[in-house]
S.K.: 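What follows is a single structure, and I will ask about it in a moment.
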Amino acid sequence: PLLLGGGLAIGFVLGVILLGSIADAAVIALMPALSILWIYGVFGGFGVRMTVLVNNLPLLVLALAFATSMHLVYAARRDLHAAAYDYRAVAGTMLRVGPAVVLSALTTAIAFLSFQFSGSEEIATFGLIGAAAVIGGLLTALLAQPAIIWAALKLGWRPVPPAPGTGRIARSFEAASVGLGRRIDRRRRPVALAAALLTVAAAAAFLQLRPSFSLLDDIPPQAESARLMERVGREFGGQSPLLLPLPISLDPASADETTLRDIRLAHAAAVDAFPGAYVLSPYSVLRWLSESGRLISAAALDPVFAAAPERFRNAIVSRDGRTPAVVVWARDTGDSALREAAGTLERAVGDAVRADLRGQATGLAVLAAERSGGIVTNLSFSLTLAAVGSAALVALAFGSAGAFVLALLPNLLPVLMVGAALFLIGRPIELASAMAMTVALGIAVDDTVHMMSSFQRHRTALAPRAALLRTMRELGPVLVTTTLVLSLGLAPALWSWSPGVALFAAFAIATLVIALVADLVVLPALLTLRMRRGGD
């Protein structure tokens, strides 16, 4: 609630700054507020559990609703002013801007639906809920925004588009957008070539990324559990126990000296393979019996295990007390490190005892490491699927194969650049970063859709250069403002108690900001380069 309240306040303040009117900003902010009430009502009505993942959705819905509301109200101000504030002018606004809003929502929903290929039931469920939330937010916008505008007009709202004496910041934004459009039009070929080369270079770096996952990623550093895990790592040589069951029977009726020797060899091999780490096995108990002057035998273990706490007993023998295990505490620095440690344990113990006694390391940390690497890899595939699927939908909506490239390049570039930055600083791609870039990609396509729609509409009556300048004048301020709303709306999550939420917000913001630059620089160059027919 604090993050949502902060995001709502930030969006409202930005609306006041851009439009120079508290009333205009209030009309924009009402629809996002209704969207938040709607999504929480749906969550409560359908019993959706507020997990760490699902808790991100209201914030995303708020940001998306602000972007949609800004596009609709910014366009409605001009139409209402030109029609002497006749409410019927809103119908023209909805017919002109509405299709782009619908297409934008569908591309965002595709990004969420791509999580169905993640290999994780929880992430797939998050994707379904996210897609439903986006479509629900779209319906809220199409139904509620006209009603809000009607009510505001009845209450005396009289919006004025940028003109002398009003909306100075908006006019400055418009002038800057037009100036940028002129420069891009003059340098459209070099800009398009530079974008293509940058995309290839970023893709090469992105492909070098390796997935990583750690159970410690979601433990807040200020939490008591983090302090305890640090203590565990310091005293035991690692935070994650690796369990290696041994195919040896501790049944007193069949156990002999060979059984005890194999357990001792397995324990010693684990100690040698992990110097400084804490190693526990039935041999630990046998050694304690020896030090206390008791008989060392398999039969002597039974009364000890019977009296030992269950958690301790089950750590080194099976529940029936017949299968021993070696436990090594390893450092959790990512799933690849844990998988490597598990392999080292298996090889070391297998080489020390008979060949038929080789076992397979297991435990929560190992199982999570084995599964999570595949999940992150699948999320990278989901990211690609979201980019291609969104671009294909845009191409289908515009009825042009060329629109596929126009929609793909400006939105794939931010994702690839963020991935390249990760590679350059030596960080792997993690669960939160892969999910954030996928969601941000779906959101970033919104600006592309509005730019292409506006350019196509103006192109029917104007030359390419004039159509571009008109599009930049109308949408430049809106794109900058919506990106600010999205980024600043997500910014409070950077200080979230959960590291996963904070990382999600950081990568989403980075992707959105780079996408804004791509939509204001790369996309205009591609549009005029493709559609220019000569003459201004």
Side-chain angles (χ1 to χ4, degrees), residues 214-215 229 232-302 304-305 308-309 311-371 373:
S214 170
L215 290 173
M229 292 300 290
V232 169
R234 185 172 60 252
E235 296 186 4
F236 288 80
Q239 306 92 343
S240 300
L242 309 182
L243 180 69
L244 179 64
L246 300 173
I248 301 173
S249 176
L250 287 178
D251 188 343
S254 59
D256 54 18
E257 291 301 320
T258 302
T259 300
L260 301 183
R261 181 185 65 84
D262 287 337
I263 293 176
R264 177 177 59 81
L265 290 175
H267 185 102
V271 171
D272 292 340
F274 296 88
Y278 187 79
V279 179
L280 185 65
S281 75
Y283 178 71
S284 306
V285 179
L286 292 172
R287 186 172 53 191
W288 171 72
L289 289 173
S290 175
E291 292 172 353
S292 61
R294 304 184 187 185
L295 178 64
I296 303 177
S297 67
L301 291 173
D302 272 0
V304 175
F305 289 146
R311 286 178 179 269
F312 168 79
R313 182 174 67 251
N314 291 345
I316 57 176
V317 295
S318 59
R319 186 175 294 274
D320 61 8
R322 296 295 178 259
T323 303
V326 176
V327 178
V328 176
W329 288 78
R331 293 200 174 276
D332 186 357
T333 56
D335 59 285
S336 58
L338 286 177
R339 289 197 300 271
E340 182 179 349
T344 299
L345 178 61
E346 293 167 3
R347 289 190 298 273
V349 172
D351 292 341
V353 298
R354 301 191 309 271
D356 60 340
L357 295 184
R358 292 181 182 271
Q360 183 175 1
T362 185
L364 177 61
V366 176
L367 294 176
E370 291 175 348
R371 185 165 179 258

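Reckoned from all heavy atoms, side chains included, excluding hydrogens, waters and symmetry mates.
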S.K.: I need the minimum non-hydrogen distance between R347 and E340, along with the two atoms involved.
M.R.: NH2-O, 4.5 Å
S.K.: Do the side chains of L246 and D262 get nearer than 4.5 Å, heavy atoms only?
M.R.: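 Of all side-chain heavy-atom pairs linking L246 with D262, none is under 4.5 Å.
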S.K.: Over all heavy atoms of both residues, which pair between H267 and S284 is shortest? Give the atoms and the distance, please.
M.R.: CE1-OG, 3.4 Å
S.K.: Where do A348 and A269 come nearest, in terms of heavy atoms and distance?
M.R.: O-CB, 3.5 Å
S.K.: The criterion is side-chain contact (heavy atoms from CB on, under 4.5 Å); which residues satisfy it with F274, sequence neighbours excluded?
M.R.: A277, V328, A341, T344, L345
S.K.: Return the CG to CG distance between L243 and L280, rounded to the nearest 0.5 Å.
M.R.: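 The CG atom of L243 sits 10.0 Å away from the CG atom of L280.
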